[in-house]
Novice: 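Dropping a structure here in structure tokens format, bear with me for questions.
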Amino acid sequence: MIKKIVVATTSKHKQEEIKSLLKDLGIEVIPMTFFKEYPKTIEDGKTLKDNAIKKAKEAARFFNSWVISDDSGLEVDYLNGAPGVLSARYAGKDCLFKDNIKKLLNTLKDVSFEKRAAKFRTIIAIADPSGKLYLSEGEIYGIISPVERGLYNFGYDPIFYIPHYNKTFAELPPEVKNTISHRAKALQKAKVILKKL
Ligand code: IMP
């Protein structure tokens, strides 16, 4: 089994989530921000998969190490999968989470509850410097709530309603969200891959 892996993200939240999920594997998990220099990959892919692969491959070459990266997004059925790969900057470059929520609620303002189905999707890429590449995917289905509810977590969580819990993601404490989320599911599958490397 591999001994260490670099996490190609600058997000503290993701670094912690990945580290905590992989802790029982016996692999040293090192956030790339631990190093003085790290690649600043331009996320210009057309899909989540393109971006996850690009981040993992660039970092694997840069660090000459195994690397794990992820890319996630919200896909709304009524909008044919938008904002998708553009989720972070749906309302424009440098926009805030609240701007994205405002834009999405406005776009769906006349759309009935039955037609507001959506999913969060994560793609995880694991790469090594020689070009070996493994992918995993996780999804969670929900409905875009017309009103914001809850204060936990981040991003679109206050408007991502999960009927099974009768709660939005922002009403679920992180320790609950992080067992059912798109990222958690993709990470569980990534763990199975890592165990075999
Ligand atoms: P990233 O690739 O994980 O950085 O996700 C890109 C964007 O998708 C984020 O900036 C958020 O707007 C949105 N997003 C991804 N995962 C989540 C989540 O778990 N909750 C809410 N929003 C998310």
Side-chain angles (χ1 to χ4, degrees), residues 7-21 31-33 38-56 58-59 67-76 79 81-108 116-126 135-145 147-162 165 167-188 190:
V7 186
T9 177
T10 54
S11 153
K12 276 255 171 317
H13 172 89
K14 283 191 201 172
Q15 289 170 2
E16 289 310 320
E17 205 176 320
I18 293 175
K19 209 169 175 166
S20 122
L21 226 108
M32 73 173 179
T33 49
Y38 50 82
K40 302 197 174 41
T41 303
I42 297 166
E43 295 185 36
D44 55 359
K46 287 200 170 58
T47 63
L48 298 174
K49 188 170 153 188
D50 290 346
N51 283 341
I53 292 175
K54 193 174 179 202
K55 281 188 268 189
E58 281 190 22
V67 162
I68 184 166
S69 78
D70 87 309
D71 206 35
S72 308
L74 177 67
E75 301 179 341
V76 179
L79 304 176
V85 72
L86 298 176
S87 294
R89 50 211 145 99
Y90 182 46
K93 200 172 158 273
D94 301 327
C95 66
L96 303 172
F97 288 143
K98 66 176 171 54
D99 303 323
N100 287 331
I101 289 181
K102 196 169 157 197
K103 179 169 175 185
L104 187 56
L105 289 184
N106 205 27
T107 308
L108 298 179
R116 299 169 76 102
K119 64 173 179 282
F120 272 121
R121 203 155 66 86
T122 291
I123 304 286
I124 288 195
I126 298 167
L135 299 172
S136 70
E137 184 166 348
E139 294 178 339
I140 179 159
Y141 291 85
I143 292 165
I144 302 301
S145 161
V147 289
E148 293 180 52
R149 272 171 38 181
L151 296 169
Y152 289 121
N153 305 309
F154 73 102
Y156 296 90
D157 285 343
I159 55 167
F160 191 76
Y161 170 76
I162 304 151
Y165 289 85
K167 282 187 166 50
T168 67
F169 252 168
E171 292 177 299
L172 292 173
E175 50 292 6
V176 178
K177 178 191 167 188
N178 294 343
T179 58
I180 59 165
S181 76
H182 45 310
R183 230 179 334 275
K185 289 179 187 161
L187 272 168
Q188 290 291 1

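Starting from 1, each residue takes its place in the sequence as its number. Treat the numbers as computed from the prediction; the structure is a model and nothing was measured. First listed ligand is number 1; within each ligand, the first listed atom is number 1. In what follows, every heavy atom counts, from backbone to side chain, and hydrogens, waters and symmetry copies are set aside.
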Novice: Got an N/O contact under 3.5 Å between Asn100 and ligand 1?
Specialist: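 By distance alone, the answer is no.
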Novice: Any atom of ligand 1 sitting under 4.0 Å from a heavy atom of His182?
Specialist: yes
Novice: Check whether any side-chain heavy atom of Phe169 lies under 4.5 Å from a side-chain heavy atom of Ile162, and answer yes or no.
Specialist: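 Yes, at least one pair of side-chain atoms sits under 4.5 Å.
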Novice: I'd like the name of whichever of Phe154, Phe97, Phe160 reaches closest to atom 17 (C) of ligand 1 through any heavy atom.
Specialist: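 Checking each option, the heavy atom nearest atom 17 (C) of ligand 1 is found in Phe154.
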Novice: Apply salt bridge (Lys or Arg N to Asp or Glu O under 4.0 Å) to Glu139 and Lys185, showing your working.
Specialist: CA-CA 7 Å; Glu139 294 178 339; Lys185 289 179 187 161; over 6 Å; no
Novice: Has Asp71 got any heavy atom lying under 4.0 angstrom from an atom of ligand 1?
Specialist: yes
Novice: Nearest 0.5 angstrom please: Leu48 CG to Ser87 OG, how far?
Specialist: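 So the CG of Leu48 and the OG of Ser87 are separated by 7.0 Å.
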Novice: Would you mind finding which of Arg121, Glu43, Lys177, Lys55 brings a heavy atom closest to atom 18 (C) of ligand 1?
Specialist: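 Residue with the shortest heavy-atom distance to the ligand atom: Lys177.
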Novice: Where is the nearest protein heavy atom to atom 14 (N) of ligand 1: which residue, which atom, and how far?
Specialist: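 Result for atom 14 (N) of ligand 1: Phe120 CE2, 3.9 Å.
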Novice: Which is closest to atom 4 (O) of ligand 1 in terms of heavy atoms, Glu17, Arg89, Lys14, His13?
Specialist: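 Residue with the shortest heavy-atom distance to the ligand atom: Lys14.
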Novice: Without swapping roles, check the side chain of Asn100 against the backbone of Ala91 for a donor-acceptor pair under 3.5 Å.
Specialist: yes
Novice: Find all atoms of ligand 1 within a distance of less than 4.0 Å from any non-hydrogen atom belonging to Gly155, and give their numbers and elements.
Specialist: 21 (C), 22 (N)
Novice: Indicate the atoms forming the closest heavy-atom contact of Ser69 with Ala52, along with that distance.
Specialist: OG-O, 2.7 Å
Novice: Which of the listed options, Ser72, Ser87, Ala184, holds the heavy atom that is closest to atom 6 (C) of ligand 1?
Specialist: Ser72
Novice: To the nearest 0.5 Å, how far apart are CD1 in Ile159 and CD1 in Ile143?
Specialist: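 With rounding to 0.5 Å, CD1 (Ile159) is 12.5 Å from CD1 (Ile143).
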Novice: For ligand 1, is there an atom lying under 4.0 Å from some heavy atom of Asp157?
Specialist: yes
Novice: Can you measure from CD1 (Ile124) to OG (Ser72) and round to the nearest 0.5 angstrom?
Specialist: 8.0 Å
Novice: To the nearest 0.1 Å, how far is atom 10 (O) of ligand 1 from its closest protein heavy atom, and which atom is that?
Specialist: Ala88 CB, 3.4 Å
Novice: To the nearest 0.1 Å, how far is atom 22 (N) of ligand 1 from its closest protein heavy atom, and which atom is that?
Specialist: Tyr156 N, 3.2 Å
Novice: Going by ring-ring contact (aromatic ring centres under 6.0 Å, His included), name the residues that satisfy it together with Tyr161, two or more places apart in sequence or in a different chain.
Specialist: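 Partners of Tyr161 under the ring-ring contact (aromatic ring centres under 6.0 Å, His included) test: none.
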